[in-house]
Amino acid sequence: MHRRTAPRLARILACAAVPVMLVATGCSSDDDSGSKKESGKPTQSAQPNATPTMKAAAYAKLPEVCKTVTEKTVDKLVPKAEKKEGKALPATDTNDSASCIWSGLDDEDVKDMQFRTMTVSLKRFVSDPTLGTGEKRAADFVAKQTTAASTADGAKDAKTDKASGIGDEANVVTADSKKGDNDFKNATVVARTKNVVITVKYSGAGYEGAKSPSADDIKKGAQEAAKEVVTSVGDANKK
């Protein structure tokens, strides 16, 4: 009886073991193939997200802001300027933004004392995948600067027009303002050349009862200076 039971028990144990071995073999096979698949070629979900690429903006640098207009232009627009070379305003990085101011009082004729001031500001935008191209960002800034110019310094009777022949696009804002007893005529040109925004503000007033300059003369002066600045920005980026 014992001899008959032993072989039968062995056969039962052997049969019972077969499914276990098959499962183990199957698991082993799956693990190996999966491991090889992962090591050979990453799945799509395992790949890192590709960093968006964008064409670099056209202009990589700004010129020296106080040299963007010639001394001849300064003499014409700001007679008796305190500093013909202009005064650069503080800036964190002059390759991203910069401003320069000229001001002067022409008092040779005590009956016709004329004050003039001009400020040139530059702002450069780089392309950013999350914010847009340098050109688009600059265009958006033109709109903001134009709106700001129409209300700056207590501007009254502000009027905005398109200006032709100045960079890729330009607006000119004319307005009146009063400082103390003096009536000022103001013109601000906001222009874009590629990815750089140029803002030229030109103001004038007659002191001690003298007649204020005409709005047209101030407007023309601002546009004349803006054209020079556009040229200076382009020249600074020539290779």
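For the residue pair Ser103 / Thr117, no side-chain donor-acceptor distance below 3.5 Å is found, with atom types taken as modelled. In this structure, a donor-acceptor pair under 3.5 Å is present between the side chains of Asn171 and Thr146.
Distance check: Asn182 CG to Ser177 OG gives 10.0 Å after rounding to the nearest 0.5 Å. If you take CD1 on Ile218 and CZ on Arg116, they are separated by 5.0 Å, rounding to the nearest 0.5 Å.
In terms of heavy-atom proximity, Gly206 sits nearest to Pro213 at N-CD, 4.2 Å.
For the side chain to side chain donor-acceptor pair (under 3.5 Å) test, no residue two or more places apart in sequence or in another chain qualifies with Thr188. Thr130 meets the side chain to side chain donor-acceptor pair (under 3.5 Å) test with Asp128; sequence neighbours excluded. Here Lys55 pairs with nothing under the salt bridge (Lys or Arg N to Asp or Glu O under 4.0 Å) rule; sequence neighbours left out. Residues satisfying the ring-ring contact (aromatic ring centres under 6.0 Å, His included) criterion with Phe141, sequence neighbours excluded, are Phe125. Take Arg192 and apply the salt bridge (Lys or Arg N to Asp or Glu O under 4.0 Å) test, not counting sequence neighbours, and it matches Asp168, Glu169. Annotation: side chain to side chain donor-acceptor pair (under 3.5 Å) contacts of Ser127 (sequence neighbours excluded): none. Applying the side chain to side chain donor-acceptor pair (under 3.5 Å) rule to Lys159 yields no partners; only residues at least two apart in sequence or on another chain are considered.
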Open item on the list: side-chain hydrogen bond (donor to acceptor under 3.5 Å, both in side chains) for Asp183 and Ser212? Distances and angles first, verdict last.
Closed with: CA-CA 7 Å; Asp183 295 318; Ser212 296; 5.2 Å; no
- [ ] List the steps and the verdict of side-chain contact (heavy atoms from CB on, under 4.5 Å) for Ile198 and Thr193.
- [x] CA-CA 8 Å; Ile198 295 159; Thr193 174; 3.9 Å; yes
- [ ] Evaluate side-chain contact (heavy atoms from CB on, under 4.5 Å) for Asn195 paired with Arg124, printing each intermediate quantity in order.
- [x] CA-CA 6 Å; Asn195 56 304; Arg124 185 177 66 89; 3.6 Å; yes
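The hydrophobic cluster of Val110 has no other members, since no ILVMFWY side-chain heavy atom comes under 4.5 Å of it.
Hydrophobic clustering (side-chain heavy atoms under 4.5 Å, transitive across Ile, Leu, Val, Met, Phe, Trp, Tyr) groups Ile166 together with Tyr59. Residues Val233 and Val190 fall into different hydrophobic clusters, defined by Ile, Leu, Val, Met, Phe, Trp and Tyr side chains chained together at heavy-atom separations under 4.5 Å. Cluster membership check: Val197 does not share its hydrophobic cluster with Leu62, using side-chain heavy-atom separations under 4.5 Å among Ile, Leu, Val, Met, Phe, Trp and Tyr. In this structure, Val172 is not a member of the same hydrophobic cluster as Val142, with clusters built from ILVMFWY side-chain heavy atoms closer than 4.5 Å. Hydrophobic clustering, with ILVMFWY side chains joined whenever heavy atoms are under 4.5 angstrom apart, keeps Val189 apart from Val173.
For Lys80 and Glu108, the salt-bridge test passes: some basic side-chain N is under 4.0 Å from an acidic carboxylate O. Ion pairing between a basic and an acidic side chain is recognised when a charged N comes within 4.0 Å of a carboxylate O; Asp176 and Lys185 show such pairing. Note on Lys220 versus Asp216: no salt bridge recorded, every NZ/NE/NH1/NH2 to OD/OE distance being 4.0 Å or above.
The backbone N or O of Lys211 sits nowhere less than 3.5 Å from a side-chain atom of Asp112 that would complete a donor-acceptor pair.
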Show me, pair by pair, the donor-acceptor contacts under 3.5 angstrom made by side chains of residues 221-231, not counting sequence neighbours?
{"residue": "Gln223", "atom": "NE2", "partner": "Lys219", "partner atom": "O", "Å": "3.4"}
{"residue": "Glu224", "atom": "OE1", "partner": "Lys76", "partner atom": "NZ", "Å": "3.1"}
{"residue": "Glu228", "atom": "OE1", "partner": "Thr70", "partner atom": "N", "Å": "3.0"}
{"residue": "Glu228", "atom": "OE1", "partner": "Thr73", "partner atom": "OG1", "Å": "3.3"}
{"residue": "Glu228", "atom": "OE2", "partner": "Thr73", "partner atom": "OG1", "Å": "2.3"}
{"residue": "Thr231", "atom": "OG1", "partner": "Lys227", "partner atom": "O", "Å": "3.2"}

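Each salt bridge (Lys or Arg N to Asp or Glu O under 4.0 Å) pair with one or both residues in residues 144-157, not counting sequence neighbours, appears once here: Asp153-Lys201. Sorted by first then second residue, the ring pair (Phe, Tyr, Trp, His ring centres under 6.0 Å) pairs that include residues 188-235, not counting sequence neighbours, are Phe115-Tyr207. A ring pair (Phe, Tyr, Trp, His ring centres under 6.0 Å) check over residues 76-114, counting only residues at least two apart or in different chains, returns nothing.
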